[in-house]
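Everything on this sheet refers to the single structure shown next.
What you see is a predicted model, and the numbers here were worked out from it, not measured in a lab.
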Amino acid sequence: MHTSISIPRRTVFKGIGAIAAAGVLGGNARVAFAAAPHLRAAITGYSVINTLDPGKATLIPEFYVIWSLYNGLLTFDDKMNIVPDLAESYKTLEDGSIEFKLRKGVKFHDGSEMTSDDVKFSIERILNESFASPNRAKVAAVDRVEAVDPLTVRIYTKRPFAPLLTFLTNSRTGTQIVPRKAVEAMGAEAFARKPIGTGPYKLESWSAGTGLKLAAHKDYFGGAPTIETVEVPLIAEESSGVTALLGNQIDLTSTVPAADVPQLSSNPNATILKQPGLNMRFLSLNLRKAPFDDPHFRRAVSMAFQREAMVNAVIFGEGATSHGIFPPLLGDYYSNIRPPQTLFNPEAAKAEMAKSRYKPGEQTVAVVTWGGSWWKRFAEIFVAQVNQTLGTKFTVEVTDANAAYARQQSGDFVCSVWGWLGLVDPDEYINDIFHSKGWRNFGGYSNPEADTLIEAAAREMDQAKRAELYHKAEKVVMEDLPFIPCFTSNIHNLLRKGVSGFVQKPYSNFGDQFINIKTT
């Protein structure tokens, strides 16, 4: 059975002004389902969770679990509107600060009550450079946080900062609220292994590389979950997850192999959810190393392969080609323009290569990928097409996902298949990756003109003007081509027959839905 959930593009972003005006009422009601005490929710396609501290988390499987353990001040509703979560209401004051009124009586998993001091601590902790949070950019514009009284907190920014409300939601932000006393007593390392949040589920056990077990938080402010325990096995191969689900060993999966989508869509024993995703798949290039330190070489490679063939062969049509920085779901921030250097053009590619200071066959380039899934196929198809068109000596280097990420962070790569999943604000797609100081700028790209436009866009509170600035910044970056965009992919979840209540969102949510699921 196939269910497609449509979320209007323009709903994702309405601009901070509109959001602030609308976000004055709490809204955390959920449907009460018949008792269903146990759920088996597999994270598929991944085998590693390094931390459950939102301040330290970077990987999407880490956030899959974090979303069930914690809450943010705000959250996204089913239509991707920003609504209060731990905050009961919020408003912008005349001095430019945002004041949040907190819910009364919210309990952490250890029984302590959440207050404005915990909010202040959580944000200042991420902001503290010595904590070295990978999510620091989310709050870098915050000047100070004031706990006015136990249930009132104000956030002041150094300058207007359009993404702030998005970055305070319970999505891939790292700004989820943690308890000051527990963190200070345990220390960051211990807290990462034994997390304490306000979410509907608390961690009961965690076996590295195997999976986790969660238990219902009976004092959850939204009401005690009807599902009392959740097993979260880690299944590295997506296809193994499908086999387990059809064999009634698990109830749902976090991903589905694209090749299996047509067959599963007609399977009466399963329900597949799918929709376009907020993600980007691309070739990550190290501009500090030859041959990608030469823009002519980069442009030649980009024009030497067919993105359409990649969409068909790698993800079996479950996505669309990409020719820029932003995915189509970002609405006004997305541009339909297809720069010529992102179109398959063998003759132009050879002409561009002729301008390069590197000859096609003199450099052996290892394209890093991992596992045996579509990521490996992604690299193989790219390498085969580029070599065929240009006569280059590209090869595929297979490692594991954790090692590939470590090499990205350390700069120990020349070229690798890569991608971002679950990023909601355009600032995350362009500032994090292409600003000279962006924390995901692993390739070493730097262009002062791009930096200026990216910074101006983050300050711009008018959505139309902000979109215009991003279009200008994207044009500058795409001329330099510090990465090679390839495609965006649909997101999928698979539910066994008898499982319902999972509301899929375009940032590939997961653990936030456990409380809504019912099983028969």
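Tyr334 and Phe326 have their aromatic ring centers separated by at least 6.0 angstrom. The aromatic ring centres of Phe378 and Phe487 sit less than 6.0 Å apart.
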Give the C-alpha distance, both sets of side-chain angles, the deciding distance and a yes or no for side chain to side chain contact (heavy atoms under 4.5 Å, CB included) between Thr166 and Phe76. CA-CA 9 Å; Thr166 298; Phe76 286 104; 4.0 Å; yes

Evaluate Lys138 against Glu428 for salt bridge (charged side-chain N to carboxylate O under 4.0 Å, His left out), listing each step before the verdict. CA-CA 9 Å; Lys138 302 289 197 300; Glu428 297 173 283; 3.4 Å; yes

Could you walk me through whether Tyr70 and Asp512 pass the side-chain hydrogen bond (donor to acceptor under 3.5 Å, both in side chains) test, one step at a time? CA-CA 9 Å; Tyr70 299 90; Asp512 64 322; over 6 Å; no

Working for side-chain hydrogen bond (donor to acceptor under 3.5 Å, both in side chains), residues Glu397 and Thr369: CA-CA 6 Å; Glu397 180 181 349; Thr369 186; over 6 Å; no

Walk me through whether Glu308 and Thr321 qualify under side-chain hydrogen bond (donor to acceptor under 3.5 Å, both in side chains). CA-CA 6 Å; Glu308 292 79 6; Thr321 58; 4.6 Å; no

Carefully, step by step, assess Ile433 and Tyr445 under the rule side chain to side chain contact (heavy atoms under 4.5 Å, CB included). CA-CA 8 Å; Ile433 302 171; Tyr445 175 65; over 6 Å; no

Take Lys376 and Glu380 through the salt bridge (charged side-chain N to carboxylate O under 4.0 Å, His left out) test and state the conclusion after the steps. CA-CA 6 Å; Lys376 180 171 177 285; Glu380 290 171 340; 2.5 Å; yes

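Within a 6.0 Å radius of NZ in Lys289, more than 12 heavy atoms belonging to other residues, nucleotides or ligands are found. Few gaps surround CD on Glu204; more than 12 heavy atoms of other groups in view lie less than 6.0 Å from it. When the shell of 6.0 Å around CD of Glu362 is examined, it contains more than 12 heavy atoms from other residues, nucleotides or ligands.
A cation-pi arrangement, defined by a distance under 6.0 Å to the six-membered ring centre and an angle within 45 degrees of its axis, is absent between Lys202 and Phe108. Seen from the ring of Trp439, Arg136 does not count as a face-on cation partner, given the 6.0 Å and 45° thresholds. In this structure, Arg281 fails the cation-pi test against Trp418, since its NZ or CZ atom is not both closer than 6.0 Å to the six-membered ring centre and inside 45 degrees of the ring normal.
Using a 3.5 Å distance cut-off with no hydrogens or angles, the side chains of Ser302 and Gln341 do not pair a donor with an acceptor. Side chains of Asn170 and Asn71: no donor on one and acceptor on the other come within 3.5 Å. Judged by distance alone, the side chains of Thr392 and Gln363 never bring a donor and an acceptor atom under 3.5 Å apart. If you check the side chains of Ser356 and Asp294, you find a donor sitting under 3.5 Å from an acceptor. Remark: the Gln275 side chain and the His492 side chain contain no N/O donor-acceptor pair separated by less than 3.5 Å. Asp110 and Ser112 form a side-chain donor-acceptor contact under 3.5 Å, judged by distance and modelled atom types alone. For the residue pair Thr169/Thr75, the side-chain donor-acceptor check at 3.5 Å is not satisfied.
With a 4.5 Å cut-off on side-chain heavy atoms, Asn50 and Asn402 count as touching. The shortest side-chain heavy-atom distance between Phe502 and Asn516 does not fall under the 4.5 Å cut-off. Side chains of Leu245 and Asp251 form no contact here, defined as non-hydrogen atoms less than 4.5 Å apart. Annotation: side chain of Leu203 is in contact with side chain of Leu212 (closest heavy-atom distance under 4.5 Å). Residues Val365 and Val301 fail the side-chain proximity criterion, which asks for heavy atoms closer than 4.5 Å. A 4.5 Å side-chain heavy-atom check between Val477 and Pro482 finds at least one atom pair inside the cut-off. Side chains of Met303 and Arg298 form no contact here, defined as non-hydrogen atoms less than 4.5 Å apart.
Aromatic ring pairs are classed by plane angle as parallel below 30°, tilted from 30° to 60° and perpendicular above 60°; the pair Phe305 and Phe382 is perpendicular. Using a 30° and 60° split on the angle between ring planes, Tyr470 and Tyr333 fall in the perpendicular class, above 60°. The aromatic rings of Phe514 and Tyr201 sit perpendicular, their planes meeting at an angle over 60°, well past the 30° parallel limit. Using bins of under 30°, 30° to 60° and over 60° for the plane-to-plane angle, the ring pair Phe510/Tyr64 lands in the tilted bin.
Contact check on Asp53 versus Arg125 returns a salt bridge, with a Lys/Arg side-chain nitrogen under 4.0 Å from an Asp/Glu carboxylate oxygen. Using a 4.0 Å cut-off between a side-chain N of Lys or Arg and a carboxylate O of Asp or Glu, Glu184 and Arg180 qualify as a salt bridge.
Here the CG-OG distance, from Leu494 to Ser254, works out to 10.5 Å after rounding to the nearest 0.5 Å. In this structure, CZ in Arg440 is found 5.0 Å from CG in Asp432, a value given to the nearest 0.5 Å. For the atom pair Ile515 CD1 and Ile227 CD1, the distance stands at 9.5 Å (nearest 0.5 Å). Note that CE of Met310 is 11.0 Å distant from OG of Ser322, once rounded to the nearest 0.5 Å.
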